[in-house]
Structure formats: C-alpha cells, structure tokens
Amino acid sequence: MPEIDYFINKVSPYSLSVDNNIKEILNNFSDSYTVHKKLEEYFPTPLILLPELTEKLNLGELWIKDESKRFGTNALKASGASYAMVKILEEHQGLFTFCTATDGNHGRAVAWTAKKMRQKAVVFVPGSTVNSRIKNIKQEGARVIVVHGNYDDAVSEAKKFADQPRHILIQDTSWVNYTEIPALITAGYYTILREIENVIETKNMPYFDVVIIQSGVGSWPSSVVHYFKNNYKKKCPKLVCVEPFHSDCFLESAKKGILSPTKKSQQTIMAGLNCGTPSKIAWTILSQGIDIFISISDDYAVQAMKILAFPEGNDAKILSGESGAAGLGGLLAITSDKNLKNVLKELNLNSNSRILIFNTEGITDPDFYAKNIITKT
C-alpha cells in the first residue's frame, strides 16, 4: 500500500460553531497585525514567486510565503504565541511562568516571547525530540523537560505542571474548557495572511485558486481556513490540508466524521506536524472549511526540501525544515502520484492555476538536513 491517502470533503456553507467569546476572538482579523507591528523585531516575511518550479509543475503561478524569517525564531509559530501572550499580559499584570508542550517550534516561540516580556517559560517536549530543537528552546531562556512519550503525553504533563499559582498554560491545542488561549494563538496567525494581501491586492476576491496548508494539531490551518472563508465569501480558493501519512489525525477524523486520533504509528520526520489528536476548535473549523485532506509519506517532504534548497534557474533558494516543506510536498504528491488523480481532478489544477503554499519553518534539525539534503542532492 502506498504511503499516501486522501479524503475529499463535501464542504457545506461555512459557519463557526463555537462559543461567542471564542467567535469574537477568531473574528478579530486585524488586531494581531496591529500588535505585531509594535514589536521591534517585526518585518513582513517574504512572499516569493517560483517561476521555474511553476513551469515544471505545469501551473500558472506558484507562490510560497517563507515563515522561516519570522521574528528570528525560524518558524511561523512565533506569530501565534506572541499575540496570545501579549493579550494575556494585557489582562493580567505581574510575573508568570508560561508552560507549554511542543515538538519544537511552538515551544521556542513561547520561550522567545517570555524572554522578550521578562517572563518565565517551561517547555515540555516528547522523548523523540532532537537535541537541536531542545537547544534552540533553551537558548531562549526556557527550562526544558523531556517527557518519555509522544506529543500528547507532553501536553498532558504541561497541563498538570501549569496547575500552580502564577503559572499559565499556553497551548496551541484545545479541548473541553480550554479554548480561549488556543483561539488567541490561532488569531495571531492572521498577521501572515494580512501580509500576503499587502503584497497582492485582492479587493475581496481571492488571487489564489488553491491554498495548501500543512497541519499538526491544527491551529495554523484553522487560521487560514477561517480567514479565507470569511474574507473571500464570493469565491473562496480550494483549501487543502496536508499531514504526515503516519500522523494523520485530521484525515482520520474527516473519514469518520468525528474528532478522532490517528490510528497510525506517529513515526515521521515531520516533527512539527506529529500530533496524534486534533485540537477541538481546529476540528470544528477544518471539518467545515477544508476541501481536501491528504496525507503524504516522508519522502515527499524530503523531495520538497531538496527542491527548495537547490532550485532550478532563477528561483529563490529557500531553507526549509521537514514540516516546513510539507505544503510543497503535498503539491508534489498531488501533481505526480497516480493515487491522487481524483484530488488533481477535484482541484482542477492546470496551466492557469495560481497556488499558495507556506514554508512554515527553516532548518530545525541541522544533522538531518546535512545528511539527507546537502549530501544526497
């Protein structure tokens, strides 16, 4: 059986079925941009056209938003964590310890923001986390605790640890009675989408035909889906969710029609996407807004990393981690794998199609990159 799978979702008219306070947070599409512009480290990350790769894939235009440049933290996660923590500290004064679980990027984002705001941070990581990701978090001043288990186990430990005075759980996944902070994190990513509109004037009509978004626990794709569904009601692009084949909790949930954990091994190089159970809020949004869920093998992520690192012609060189390249990996799978021929047909990809993908992280595992990208190209 090939390590690839998909589900074509028959999307109904979009509506956000959440509590009013969560809806208010998620419908505030401009505040994160206002907050982020006040940070001294802020500058818009690049939106890059890849003409050579566009022609090779027989598309109209292929654009990539390079989030490896975000706030010097090497990943888009800093947009979500920083916005949520700013909003929390506007309401609660004093010194706090922010606690979280992470596969790497979100923890670094929380640690970076805590240091910037003169707060403390404790970050729980799964036992499989590579040393370079742990080192990056520690360099931001956080305490790191390694959990003998997977991401879900790390979340459980962070939750228990945060149940102390002056401790705040800043987690990007949600569950019953824990929704406000994940919603703030989701809203923080709107800055990324606003920056795209500043480059490509849309005038309430989408420029892109297809938007491909990689997903772990779901806060990032939730931001994209909710933003596009609300701001481009006339003609929303087709929205595609990409997950690792062996960590496909949203694809599994879509097939069953109910929030469900992955049934697979969770063995994947795409560490930032290696989440076993969907966020409650994210499932509510993605189940109504994603047109196609796909899962891809690690090989496609590696292939995408190589293409970005060693581009043809005048295409920009982009340094991408395993999870960062997953969006392009998904596009490569859709355009080349016969097992996804129905997906290709559903998206109607052709020489006029304009595609948007995201590089959600730079190099987060230098040893893997040196061994598998540099030396095997």
Side-chain angles (χ1 to χ4, degrees), residues 1-6 48 50 52-54 56-57 59 62 64-68 74-77 103-105 126 128-133 136 150-151 212-216 220-221 240-251 262 264-275 293-313 315-340 343-344 355 357-377:
M1 176 182 174
E3 290 196 328
I4 201 158
D5 201 0
Y6 71 92
I48 303 167
L50 300 173
E52 297 284 349
L53 186 55
T54 297
K56 186 173 183 178
L57 297 178
L59 299 170
L62 175 58
I64 184 168
K65 179 73 163 160
D66 185 7
E67 285 298 299
S68 68
N74 204 37
L76 63 72
K77 290 290 187 176
D103 285 311
N105 293 329
S128 60
T129 306
V130 299
N131 288 333
S132 59
R133 296 187 181 108
N136 287 335
N150 59 25
Y151 171 80
I212 301 176
I213 325 127
Q214 52 267 69
S215 179
W220 157 240
V240 180
C241 175
V242 179
E243 296 177 279
F245 181 80
H246 286 286
S247 192
D248 61 346
C249 57
F250 281 99
L251 178 57
T262 182
K264 298 193 178 77
S265 67
Q266 289 191 246
Q267 298 299 310
T268 176
I269 63 170
M270 292 175 265
L273 309 181
N274 191 6
C275 304
F293 296 86
I294 71 169
S295 64
I296 61 172
S297 70
D298 288 355
D299 291 341
Y300 277 113
V302 171
Q303 184 182 349
M305 292 167 72
K306 291 179 178 179
I307 289 172
L308 293 172
F310 300 96
E312 296 184 9
D315 279 1
K317 177 184 178 72
I318 298 172
L319 303 181
S320 180
E322 300 83 2
S323 299
L328 176 56
L331 179 61
L332 296 175
I334 292 168
T335 55
S336 66
D337 197 307
K338 64 181 181 180
N339 295 289
L340 295 181
V343 173
L344 185 65
I355 315 298
I357 60 175
F358 300 86
N359 178 31
T360 56
E361 65 172 10
I363 300 169
T364 59
D365 186 350
D367 291 338
F368 179 90
Y369 198 88
K371 181 179 180 181
N372 295 278
I373 307 302
I374 302 299
T375 61
K376 290 191 176 183
T377 300

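Any value given below was found using the heavy atoms of this structure, including those in side chains, with hydrogens, waters and symmetry copies removed.
Note that CG of D299 and CD1 of I269 are 8.0 Å apart. Values are rounded to the nearest 0.5 Å. For the atom pair L50 CG and I307 CD1, the distance stands at 10.0 Å (nearest 0.5 Å). Here the straight-line distance linking atom OG1 of T364 with atom CG of N136 works out to 8.0 Å at 0.5 Å rounding. Atom CD1 in I334 sits 8.0 Å away from atom CG in L344 (nearest 0.5 Å). For the atom pair CD (E361) and CZ (R133), the distance works out to 6.5 Å, reported to the nearest 0.5 Å. A distance of 8.0 Å separates NZ in K77 from OG1 in T360, rounded to the nearest 0.5 Å.
When all heavy atoms are compared, the tightest approach of G327 to I212 is O-CG2, 3.6 Å. Scanning both residues, P244 and S295, for their nearest heavy atoms gives O-CB, 3.9 Å. Across all non-hydrogen atoms, the minimal contact from D315 to L53 is OD2-N, 2.9 Å. Smallest separation of non-hydrogen atoms from N372 and T375: N-OG1, 4.3 Å. Contact between N105 and A75 at its shortest, heavy atoms only, is CG-CB, 3.6 Å. Nearest heavy-atom pair, A325 versus A304, reported as atom, atom and distance to 0.1 Å: O-CB, 3.4 Å.
For the pair I373 and V302, the minimum side-chain heavy-atom distance is below 4.5 Å. Y6 places none of its side-chain heavy atoms less than 4.5 Å from the side chain of I296. For the pair V242 and Y300, the minimum side-chain heavy-atom distance is 4.5 Å or more. Side-chain contact between L331 and L57 is present, with at least one heavy-atom pair separated by less than 4.5 Å. Between L251 and D5 the shortest side-chain heavy-atom distance falls below 4.5 Å. Side-chain contact check for N274 versus M270: every heavy-atom pair is 4.5 Å or farther apart.
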L308 and I64: side chain to side chain contact (heavy atoms under 4.5 Å, CB included), yes or no, with the steps?
CA-CA 10 Å; L308 293 172; I64 184 168; 4.1 Å; yes
For I374 and F310: C-alpha separation, side-chain torsions, deciding distance, then whether side chain to side chain contact (heavy atoms under 4.5 Å, CB included) applies.
CA-CA 9 Å; I374 302 299; F310 300 96; 4.0 Å; yes
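Formation of a donor-acceptor pair under 3.5 Å by the Q214 side chain with backbone atoms of L273 is not found in this model. Counting only distance, with no hydrogens or angles, the side chain of N74 and the backbone of I363 share a donor-acceptor pair below 3.5 Å. At least one donor-acceptor pair closer than 3.5 Å links the side chain of T54 to the backbone N or O of L62. Looking only at distances, no side-chain donor or acceptor of S320 sits under 3.5 Å from a matching main-chain atom of M305. Judged by distance alone, with hydrogens and angles left aside, the side-chain atoms of D66 form no donor-acceptor pair with the main-chain N or O of I318 at under 3.5 Å. T129 contributes no side-chain N or O that, together with a main-chain N or O of D103, makes up a donor-acceptor pair within less than 3.5 Å. Side chain of E243 to main chain of C249: a donor-acceptor pair is present (N/O by atom type, distance under 3.5 Å, no hydrogens or angles).
With hydrogens and angles left out, the side-chain atoms of D298 and T268 include a donor and acceptor closer than 3.5 Å.
Around NZ of K338, the count of heavy atoms belonging to other residues, nucleotides or ligands within 6.0 Å does not exceed 12.
Using the six-membered ring where Trp is involved, W220 and F358 have ring planes that are perpendicular, over 60° apart on the 30 and 60° scheme.
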